[in-house]
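Let me begin by presenting the structure, written as structure tokens, before commenting on it.
As the structure lists them, so they are numbered: ligands from 1, and atoms in each ligand from 1.
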Amino acid sequence: SDVCSSDLTGNIKAQDILLTGLEKLEYRGYDSAGIAYFKENGKISIRKTAGKVKDLRAICDDNDATCGIGHTRWATHGGVTNANAHPHKSGSVSLIHNGIIENYHELATTYELEDRLISETDTEVAAALFDKFYDGKNPIEAIKEVIPLLKGSFAFCIMFENRPGVIYAVRNVSPMVAATSKEGSFIASDLTAFIEYSKRYFIVPEYAILTMEADKIDLQDLNGNTIEPEFLEVDWDMTAAQKEGYPTFMLKEINEQPAAINRTIMPRIKDGLPSFEEDGIPDSFFADCSDITIVACGTAMYAGMVGKTLMQDILGIPVTVAIASEFRYERPVITDKSVVIVVSQSGETIDTLEALRLAKTKTNKTLSIVNVKGSSIARESNYVLYTHAGPEIAVASTKAYTVQAAAFYLLTCKLALVQNAMSEADARAFISNLENVSDNIAEVLKLSDKVEQLTKRMLNASHTFFIGRGSDYTLSMEGALKLKEISYIHAEAYAAGELKHGTIALISEGVPVIALATQSHVYNKVISNIREVKARGAYVILLSMDEKITDATICDTHISLPKVPEQFAVFEAVVILQMIAYFTSTGKGLNADQPRNLAKSVTVE
Ligand code: AGP
């Protein structure tokens, strides 16, 4: 099960810090929650329930415990039940877990654990295993014996009965950060849980065993050698991870896009031209690049598709976009001259991380576009281009998409210059247009009331289509995903020219179709395709840079986008699609920040 844990052993009462920390991490997974803490007598007490952290709070009683662990779950093994919620307790051991123990069935059989198990989870098997190897004297020895038996990804926080005040931790692939402060020591899946106590933290090295006490954290490797942590400083403050007056994180993050884009592009523009000096990416990285493969998941992949359209158009070299979870099994064609760009907001998506690892066996030219400093993907790629969107809390990615797209625009311009596919004068004009993007988005954000109004007609839809050609088609994919994941309305992106080859059979009276027509070279063709769906009763919302379209045979509603160079229309158009999804979700009374079944960072395969 994917977990967001916040653990503390300190000098002050732990329970409220744990529960508040879990609320800050809840966006990462929120179908059940629990805490465990040491009582005065060294015994461990557990409170856990299906539901949200607020439901957990309701079953917690006041106590003076100063050491505990907490967990919110995104179910992978076993349903959403109280029994499957973490922490899991087996004998002397109580623990929480982020990841998947792939061989948990064999372990349960081999070590005869079945009769001790009361849940359906891989995590409880791990707890029973640690307890089986624990001799009552040395927890670290038990951990050293169990870890090599496990296959899969994990981040454990473990408490052993009668060892009050001490938390042990160990990870492989799944994320874990730690810090000490005057209030005590902290471990978490994501530093938003403890940033208000310490901005100085370290990433827990894989297979390092942590022994955490109130005033210190010791690290040792599986051979017992001491490991010194490498401390980092957080480059944003707690308010960045709060709503600051917005009703939801998602609306805040939609509105943060102008600033997020400026923070991301300005440090990479020197004298009007793209520069990656500060990122440590040499021009040689761009020089001998024969082809490009972009690998990601979800919205990050759709940002990659925007990058592909642009790069292939300007560079004239093959650019492929691969779904990370497919890339690993499709025998990708990568040579040592191939550039592989992996895109990930969290930098922890396992599918993408494993795809990166495969790519690195074939080329050293791997570059990651990542929004979280020091994350696994950032650390493992040969080069990293950090986006500076600030923490993205809403599960539905918005500002991360636009800053990722902006990163692709910068990279494309640099590649074009290095490969003589663009003159310096054209590059300056290109960069100048990119610098205007934040203003273009600011203009479009003023249309939010109009967008909210037109979504009223969508609230009861069962199916919606997003259609376009070229970059508008890639935009349609992101628009469809946004709507699906927060409004639960089935949505499909379709190449406008492809509809007539079958799918138009699904168009009937009132079916909403969001059409995009920002690209003049295919404008007339798209308008014809739109007329085809309009003629069959669709409710058409058209996004284009036309001043006004009143022809009722084309659309029911026209959204006029600010007139910008077509290559840059993607940024303003996607904001409309984000707002369509957002207002449809809120119009249906849904929680746009924490949609059902989802988690912010998918750290399981
Ligand atoms: C996007 O709105 C979704 N939350 C999801 O598709 C997300 O983009 C995907 O899981 C990739 O996450 P990452 O960017 O953190 O790798």
Side-chain angles (χ1 to χ4, degrees), residues 2 4 27-30 74 76 173-175 189-190 192 248-251 253-254 257 260 294-307 321-328 341-357 368-381 384-387 389-405 407-408 474-475 477-488 491 493 574-575 577-582 584-585 590-605:
D2 189 15
C4 318
Y27 69 99
R28 295 168 55 92
Y30 34 82
W74 182 72
T76 53
V173 182
S174 299
S189 305
D190 174 315
T192 39
T248 59
F249 280 110
M250 187 170 173
L251 190 58
E253 289 155 10
I254 287 173
Q257 293 181 100
I294 300 165
V295 193
C297 302
T299 287
M301 178 182 58
Y302 296 138
M305 288 206 170
V306 169
V321 176
I323 298 170
S325 53
E326 291 295 309
F327 175 78
R328 299 168 57 195
I341 302 174
V342 294
V343 190
S344 175
Q345 189 286 129
S346 64
E348 298 298 348
T349 300
I350 299 276
D351 290 327
T352 310
L353 177 60
E354 294 297 345
L356 168 63
R357 287 173 174 170
S368 62
I369 299 176
V370 174
N371 196 46
V372 176
K373 193 174 156 193
S375 54
S376 304
I377 290 171
R379 280 182 291 112
E380 293 199 21
S381 56
V384 55
L385 183 53
Y386 281 116
T387 51
E392 187 176 66
I393 308 296
V395 166
S397 186
T398 50
K399 61 178 181 175
Y401 173 93
T402 39
V403 296
Q404 287 160 1
F408 275 110
T474 63
L475 259 182
M477 297 174 196
E478 172 55 14
L481 174 61
K482 281 284 92 47
L483 186 68
K484 276 184 282 192
E485 66 177 330
I486 62 175
S487 76
Y488 316 150
V574 76
V575 172
L577 302 183
Q578 293 165 352
M579 293 196 289
I580 286 174
Y582 178 78
T584 303
S585 175
L590 298 170
N591 178 342
D593 278 348
Q594 295 184 2
R596 68 185 182 201
N597 303 347
L598 294 180
K600 181 59 181 173
S601 181
V602 183
T603 57
V604 292
E605 292 179 79

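Between I350 and V173 the shortest side-chain heavy-atom distance falls below 4.5 Å. Between Q257 and Q578 there is a side-chain heavy-atom pair separated by less than 4.5 Å. Two residues are said to be in side-chain contact when any heavy atoms from C-beta on lie closer than 4.5 Å; Y401 and V306 meet this criterion. Using a 4.5 Å heavy-atom threshold, the side chains of I369 and I341 count as touching. L598 places a side-chain heavy atom less than 4.5 Å from the side chain of E485.
Considering all non-hydrogen atoms of both residues, A480 and A491 come closest at O-CB, 3.7 Å. Taking each heavy atom of T387 and A407 in turn, the nearest pair found is CG2-CB, 4.5 Å. The shortest heavy-atom contact between D190 and T192 is OD1-OG1, 2.6 Å. Closest heavy-atom contact between T349 and S344: OG1-OG, 3.8 Å. A389 and A260 make their closest contact through CA-CB, 3.8 Å (heavy atoms, listed as atom of the first residue, atom of the second, distance).
For ligand 1, none of its N or O atoms has an N or O atom of T352 under 3.5 Å away. Not a single N or O atom of V343, backbone or side chain, sits closer than 3.5 Å to an N or O atom of ligand 1. On a distance-only criterion, Q404 and ligand 1 share no N/O pair closer than 3.5 Å.
Interface of A396 with ligand 1, defined as ligand atoms under 4.0 Å from a residue heavy atom, comprises 2 (O). Near K482, meaning under 4.0 Å from any of its heavy atoms, are these atoms of ligand 1: 1 (C), 2 (O). Short contacts between ligand 1 and S397, defined as distances under 4.0 Å to a heavy atom of the residue, involve ligand atoms 1 (C), 2 (O).
Atom 15 (O) of ligand 1 has as its closest protein heavy atom S346 OG, 2.7 Å. Residue, atom and distance of the protein heavy atom nearest to atom 4 (N) of ligand 1 are V395 O, 2.7 Å. When hydrogens are left out, the protein atom nearest atom 5 (C) of ligand 1 is T299 N, 4.3 Å; that is the closest non-hydrogen contact. Of the protein's heavy atoms, E485 OE1, 3.4 Å lies nearest to atom 3 (C) of ligand 1. Counting only heavy atoms of the protein, atom 14 (O) of ligand 1 lies nearest to Q345 N, 2.7 Å. Shortest contact from atom 16 (O) of ligand 1 to any protein heavy atom: T349 OG1, 2.5 Å. With hydrogens left out, the protein atom closest to atom 9 (C) of ligand 1 is C297 O, 3.8 Å, a heavy atom. For atom 10 (O) of ligand 1, the closest non-hydrogen atom on the protein side is V602 CG2, 4.1 Å.
Using a non-hydrogen distance threshold of 4.0 Å, E348 does not register as a contact of ligand 1.
Considering A300, A394, G298, S344 only, the shortest heavy-atom separation from atom 6 (O) of ligand 1 involves G298.
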